[in-house]
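Note that the structure is a prediction, hence the values are computed from the model and not measured. Letters A, B, ... are given to chains in the order of the sequence lines, protein chains preceding strands, and every chain is numbered from 1.
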Amino acid sequence: MLRAETPHLISSFFFFVKLQMRLLSWRKAKHLFRIKPNYRICTYSSITTFSAVSQHKITDQNFHITRKKLSKLLHQRPPKSQLKQIHAQILAQALSSTASFVDSLIHCYLHIKEVTSARFLFLHYPLPSPPILIWNLMIRAYCKLQNSSESFNLFRQLLNLDQPIRVLPDEYTFTFIVTSCAHQRSVVHGKIVHGLVVRNGLESNLYVGNSLINMFAVFKITDDAYKVFDRMTERDVFSWTSLICGYANNGEMYQACEIFYKMPVRNDVSWAVIISGFAGNGKYMEVLLYLSEMLCSHEDKVRPNEAVLVCALSACANLGALEQGSWIHAYIKRNEIHESSNISTALIDMYAKCGGIDIARLIFNRIPRPDVHNFTGMISGLSYHGLGVHALTVFNRMLDENVNPNEVTIIGVLNACSHSGLVEEGASIFYNMETFWGLKPQIEHYGCYVDLLGRAGYLERALEVVKSMDIKPDIVIWRALLSACRIHRNIFLGNSIIDFIKQLHSDGPSGSEVLVSNLYASLGNWEKVSQVRKAMGQRKTQSDIGCSWIEVNGVVHEFRVADKLHPQILEVLEKLNELWIVLS
DNA sequence: ATAGGGTTAG
C-alpha cells in the first residue's frame, strides 16, 4: 500500500504516468502504473485510479487533499466524475482501509446508482463485517432494483454471520427485506420474514408494520394485513393507505371505503388508491363519483394527482363519457397541470374511445417527442376507428424515430391491419416481431393474427396458424375463427373447428357455445341452434349478456343484445338499416 | 469523535 506520508512521491509518479500517456501508448502507461513497487492495489482499483487521473486531469497542485476535505466532499454526494477523482485520492492516500471512508464511498456510489461499484467495496470491506448500516444500505439498493432477489442473498449472508463478527438485523433491515418480498411477490419469503419480525419484536414498529401491511396488500391477504394494522401502536397515513390498497387489490371495495372514511387524514395517494381501486374493479361510475367528491372535499386539502387523473380519464374512456372526459381535460389545462406522458396517453385513449379521434390526433401531434405509450395509444385509437393506413403511418414514424414498440403496440398495429384488410403488412409484422424487436408472440398476438387472416377470408391459413401455436388456444382465438367462418359462410370449416374445440376441451370452453349457435343461426340451421341453446340452458353456463353504452349530450345510452328497451330503438334500427344498405 | 439509512398508487 502506498503510504500517505509520501504525497510528493505519488504526485511525481502520477505525473510520470501522465507523461508516459502523452508520449507512449495507453497500454504502456497502464503497465507502468501496475508494476510500480509498493503499489499493491487490486487491478480494479488501479484502473479506476488510472482512468480518474487520466480523464479528469487532477493537477499536481491540488493532488493532495486533506482527509477532512475528502470526507466533506463525499458528504455532498458528488456526481460520478468527481466521485471517481475522490475515490482515486482515497486509494492514493491509502485511506481505503479506513472504514469511514469506505462507508462514505458506498453511500456515494449507491447515490448515483452504481450498485456494482458499491458491491465491490462492500465485498472488500476493511473490517471482518461491515456495520449494520452498510448492510442495510446494500439491501435497500437491491430492494430498489425491484427485479433483483439479491437482497435476499445479502440478508441470508447477514443471518449466517458467525458469532464473533455477528451483526444483528434491525428495524431498517426488516423494512427493506419485507419490501423486497412484496416486490418479488414471494409469499413464502414473506411469511418467513414476517415470523422473524415477530420474533424480534419489531411488528409494532411503524415502518416495519407499514411495509408488512403493504406486503400483505400486494399478496391480497387482507386478513393478515388487517391483523398487522390492528396490532400497531402507532399508525400514520401510510398504514391506512396500504390497508385500503390491500382491500382494493382483493376486490373488497366495501371494506376499502369503510377504512377510507375512518382514516383521520387523507392525502393525494390515499385518494389515488381508492379511485384506482374502483378503476381496477371495473367500477367506472364510482371513479367519477369519488373524483367529484375529492374536488369538493374541503376536509382534505388535496388536489388530484397524476394517478387520479389517469384513472378518471380511463373511466371516461370505458364509459364513453366524452363530456366528463373533456371536463377533466379542461381541468388539467385550467390548473396548469403538467401534461406528462401518462396524462397525454390517457387523453388520447379517452378521446379515441369516446369518438373524438380528431382531438386525439391533435393532442398526439402536439407532443414534441412521443414515447412508446403515446405512440401505442395513438395507434390503437386509429385502429378502433378503422383507420388502418393512418395507424401504420404512425407506426412507421415510431420506427423512424427509434422508439421500440412493446407487446401492446403490436396488438394495436395488428388490429389496425385486421380492420383495414392489410393482410400482408400484418403478417410481416407478426412474423418478424421477435427478430425485429425481441417480442415473443403472446396469445393475444395470435388472436389478432388469426382474426386478421379470418376476416380477410384466409380461413385455412388461419386454422393452420392455430394448429401450429405452441400456446394452448383460448376462447378469443376460437371466437375469431368461428366469427370468420360466419362472415364467410363456411359451414364446413366451422363444423370441423367445432369438432376440434370438442377434442381439446371436453365440455367446450364457456362462451364458445354462443359462437357455435351464432354460426348455425347465420347459416339458417335453426335446429342446431336450438340444440346448442338447450344444452347451454341445462348446464347453466350462460355467459353474461353483452352490453355496450355511449354517452350523448350527458345522457348514457345502454344497449343489450336484441334490445327492445331503449326509448328510441325504432329510430336506431332504422338508421342501422340505412347503414347496411350503404355498406352492401 | 460521530452521523449516516426507511414505508404507499399507476
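The side chain of A:His75 approaches B:dA3 more closely than any other nucleotide in the set B:dG6, B:dA3, B:dA9. Minimum atom distance to the side chain of A:His107 is reached by B:dG4, of the listed B:dG4, B:dT7, B:dA3. Of the candidate nucleotides B:dA9, B:dA3, B:dT7, B:dT7 has the atom lying nearest to any side-chain atom of A:Phe238. Set against B:dA9, B:dG4, B:dT7, the side chain of A:Ser104 has B:dG4 as its closest nucleotide. Nearest nucleotide to the A:His183 side chain, out of B:dG6, B:dT8, B:dA3: B:dT8. Taking the side chain of A:Ser276 as heavy atoms from C-beta on, and the options B:dG6, B:dG4, B:dG10, the nearest nucleotide is B:dG10.
Figure legend: A:Arg397 and A:Phe375 shown without cation-pi pairing, the cationic atom not lying both under 6.0 angstrom from the six-membered ring centre and within 45 degrees of its axis.
Backbone-only engagement by A:Val273 is indicated by non-hydrogen atom pairs under 4.0 Å involving sugar-phosphate atoms exclusively. As judged by a 4.0 angstrom heavy-atom cut-off over every strand, A:Asn267 is placed among residues making no nucleic acid contact. Note on A:Asp268: nothing from the nucleic acid sits closer than 4.0 angstrom, heavy atoms only.
Side-chain atoms of A:Asn267 and A:Ser270 form a donor-acceptor pair, as typed in the model, at a separation below 3.5 Å. No hydrogens or angles considered: a donor-acceptor pair under 3.5 Å links the side chains of A:Ser239 and A:Asp236. Side-chain contact annotation: A:Thr222 with A:Gln255, donor-acceptor N/O pair under 3.5 Å absent.
At a cut-off of 3.5 angstrom, counting only N and O atoms as typed in the model, there is a donor on one side and an acceptor on the other between the side-chain of A:Glu306 and the base of B:dG10.
In terms of modelled atom types and a separation under 3.5 Å, the side chain of A:Thr175 and the main chain of A:Glu171 share a donor-acceptor contact. A distance-only check finds no donor-acceptor pair linking the side chain of A:Asn335 to the backbone of A:Ile337 [under 3.5 Å].
Protein atom CD of A:Gln76 is 17 Å distant from nucleotide atom P of B:dG4, rounded to whole Å. Separating the CH2 atom of A:Trp135 from the P atom of B:dG6 is a distance of 19 Å, rounded to the nearest angstrom. A:Asp170 has its CG atom 13 Å from the C1' atom of B:dG4, to the nearest Å. If you measure from atom CG of A:Asn281 to atom P of B:dA9, you get 16 Å, rounded to the nearest angstrom. In this structure, A:Trp271 places its CH2 atom 22 Å from P of B:dT8, rounding to the nearest Å. Rounded to whole angstrom, the span from the CG atom of A:Asp103 across to the P atom of B:dT2 amounts to 15 Å. Straight-line distance from the CD1 atom of A:Ile343 to the C1' atom of B:dA9: 14 Å, rounded to whole Å. Atom pair A:Ile259:CD1 and B:dA9:P shows a separation of 17 Å (rounding to whole Å applied).
Aromatic rings from A:Phe155 and A:Trp135 are positioned such that their centres are separated by 6.0 Å or more.
For the segment residues 203-226 of chain A, residues with any heavy atom less than 4.0 angstrom from an atom of DNA chain B are, sorted by number, A:Asn205, A:Tyr207, A:Asn210, A:Asn214.
Under the ring-ring contact (aromatic ring centres under 6.0 Å, His included) rule, A:Phe278 has a single partner from A:Phe260, A:Tyr247, A:Tyr290, A:Tyr254, which is A:Tyr290.
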